[in-house]
Amino acid sequence: MENLEDLKILAEQWSHQGIEYLQKIPPSQLYAAIGVLLFTTILLFLSIRLVRRTKSNTVLLSGLSGSGKTVLFYQLRDGSSHQGTVTSMEPNEGTFVFHTENTKKGKIKPVHLVDVPGHSRLRPKLEEFLPQAAAIVFVVDALEFLPNCRAASEYLYDILTNANVVKNKIPVLLCCNKTDKLTAHTKEFIRKQMEKEIEKLRASRSTVSTADIANDFTIGIEGQVFSFSHCYNKVTVAEASGLTGETAQIQDFIREYIKP
């Protein structure tokens, strides 16, 4: 109680001293100081609003070669499958509204979509675009999933542990493509299998010295089996079909982070 009384007396003294100090300041200087403070506050507020308005509209399509990224790119852009499978050796880029949005009235914010080549030698291209990415769509071939499960999981693991992805909490969509085929695996099966593979990668790479690890961050919770819910960023799983034009879940995911 005595300490509280002492603090109260000290606060009153400071308050009186502050009032006396302000009374000694000429009104013109006081008004000028208040004006500068208000101007600085308004400028800071406008800067924050401007940063929010200029948020990146870049979305990356990544995944192994043959997963169907380029077909999805053309489907999202103009509703065309681009005559079946296409292998990209250079990034496909385009800034557009989705072809399904062309009939909507009013101004719609375009998306800058980048289809990054999936060939292992060309994956460093992804690193060039990550700093400006608002979201990532990681495409997996649901039809030929099992033979490529390990390679796809390693690629996704590298993305999820990348410094840009972790620090900026870039959301990732695990897109199971070609689900129109009867023998395609379900998104739940793919999710579980990739979680198991990433758990193995976590265990094997944790035994390697830090100097030998190329990844920027580790993921998962110590003592628990890995789940995508343990990632620093949000990971969503969806289904799609580039050949039949079933891209609604991809569009919904993108528009969650790039408002129309």
Side-chain angles (χ1 to χ4, degrees), residues 58-73 88 91 113-131 133-179 184-206 208 213-221 224-240 242 249-250 253-254 257:
T58 298
V59 176
L60 308 182
L61 280 173
S62 61
L64 300 180
S65 294
S67 58
K69 300 185 305 299
T70 304
V71 174
L72 288 171
F73 176 91
S88 302
L113 195 62
V114 182
D115 165 27
V116 183
H119 194 282
S120 57
R121 288 182 298 177
L122 301 174
R123 285 179 198 169
K125 292 278 187 182
L126 181 70
E127 192 74 32
E128 298 176 16
F129 295 100
L130 279 177
I136 299 171
V137 177
F138 187 85
V139 184
V140 174
D141 185 342
L143 190 63
E144 300 293 333
F145 170 68
L146 287 178
N148 298 303
C149 179
R150 177 75 177 184
S153 300
E154 288 180 344
Y155 190 8
L156 182 58
Y157 180 89
D158 290 340
I159 291 174
L160 294 176
T161 54
N162 183 278
N164 285 300
V165 175
V166 173
K167 291 179 180 179
N168 297 323
K169 294 185 178 180
I170 301 175
V172 175
L173 178 71
L174 176 55
C175 176
C176 306
N177 190 28
K178 307 181 185 180
T179 53
H185 295 285
T186 66
K187 66 178 184 180
E188 282 304 310
F189 177 82
I190 291 172
R191 177 185 64 80
K192 290 177 181 178
Q193 292 301 313
M194 293 191 75
E195 285 177 338
K196 289 179 181 178
E197 286 296 330
I198 291 177
E199 172 63 20
K200 294 177 185 177
L201 287 168
R202 287 178 64 229
S204 62
R205 297 191 184 189
S206 64
V208 183
I213 297 176
N215 304 91
D216 299 308
F217 287 85
T218 57
I219 52 175
I221 299 174
Q224 295 188 28
V225 177
F226 175 77
S227 168
F228 285 123
S229 61
H230 298 165
C231 293
Y232 298 100
N233 52 317
K234 185 178 180 182
V235 180
T236 309
V237 186
E239 295 178 335
Q249 293 182 36
I250 301 176
F253 167 79
I254 292 174
Y257 300 99

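- Looking only at side-chain heavy atoms (C-beta outward), Leu201 and Glu154 come within less than 4.5 Å of each other.
- Here Leu160 contributes atom CG and Ile219 contributes atom CD1; the two are 5.0 Å apart, rounded to the nearest 0.5 Å.
- Without hydrogens or angle criteria, Thr58 side chain to Ala134 main chain gives no donor-acceptor distance under 3.5 Å.
- Of all heavy-atom pairs spanning Ala238 and Leu173, the tightest one is CB-CD1, 3.6 Å.
- The closest side-chain heavy-atom distance from Leu61 to Leu113 is below 4.5 Å.
- Across every non-hydrogen atom of Ala184 and Leu143, the tightest pair is N-CD1, 3.9 Å.
- Here Glu128 pairs with nothing under the salt bridge (charged side-chain N to carboxylate O under 4.0 Å, His left out) rule; sequence neighbours left out.
- Checked by atom type, the side-chain pair Asn177/Ser67 shows no donor-acceptor distance below 3.5 Å.
- Looking at Phe129 and Ile136, their side chains never come closer than 4.5 Å, going by heavy atoms from C-beta outward.
- At a threshold of 4.5 Å between non-hydrogen side-chain atoms, the residues Val116 and Lys69 do not count as touching.
- Residues Phe228 and Ile198 have side chains in contact (heavy-atom distance under 4.5 Å, counting atoms from C-beta outward).
- Between atom CZ of residue Arg191 and atom NZ of residue Lys187 there is a gap of 9.5 Å, rounded to the nearest 0.5 Å.
- Among all heavy-atom pairs drawn from Lys178 and Gly66, the shortest one is NZ-O, 3.0 Å.
- Smallest separation of non-hydrogen atoms from His185 and Thr179: O-CG2, 4.4 Å.
- Side chain of Glu239 to backbone of Thr186: no donor-acceptor contact under 3.5 angstrom is found.
- Atom SG of Cys149 sits about 6.0 Å away from atom CD of Gln193, to the nearest 0.5 Å.
- The nearest pair of heavy atoms linking Phe138 to Ala152 is CZ-O, 3.4 Å.
- Annotation: side chain of Phe189 is not in contact with side chain of Cys176 (no heavy-atom distance under 4.5 Å).
- Panel note: side chain Tyr232, backbone Thr218; a donor-acceptor pair is recorded below 3.5 Å.
- Glu199 places a side-chain N or O within 3.5 Å of a backbone atom of Phe226 that can act as its donor or acceptor partner.
- Going from atom NZ of Lys196 over to atom OG of Ser153 covers 11.5 Å, rounded to the nearest 0.5 Å.
- Under a 3.5 Å cut-off, the side chain of Asn168 and the backbone N or O of Ile170 do not form any donor-acceptor pair.
- Considering all non-hydrogen atoms of both residues, Tyr155 and Pro117 come closest at OH-O, 4.5 Å.
- Summarising the geometry, atom CG belonging to Leu72 is positioned 4.5 Å from atom CD1 belonging to Ile250; distances are rounded to the nearest 0.5 Å.
- For the pair Leu156/Val235, no side-chain contact is recorded, criterion being any heavy-atom separation below 4.5 Å from C-beta on.
- Each of Ile159, Asn164, Val166 was compared with Asn162 under the side-chain contact (heavy atoms from CB on, under 4.5 Å) criterion, and only Asn164 meets it.
- With respect to Lys192 and Glu188, no salt bridge is recorded, no charged nitrogen being found less than 4.0 Å from a carboxylate O.
- The salt bridge (charged side-chain N to carboxylate O under 4.0 Å, His left out) search around Glu144 returns none, not counting sequence neighbours.
- Put simply, the side chain of Lys200 does not reach to within 4.5 Å of the side chain of Tyr157, judged on heavy atoms.
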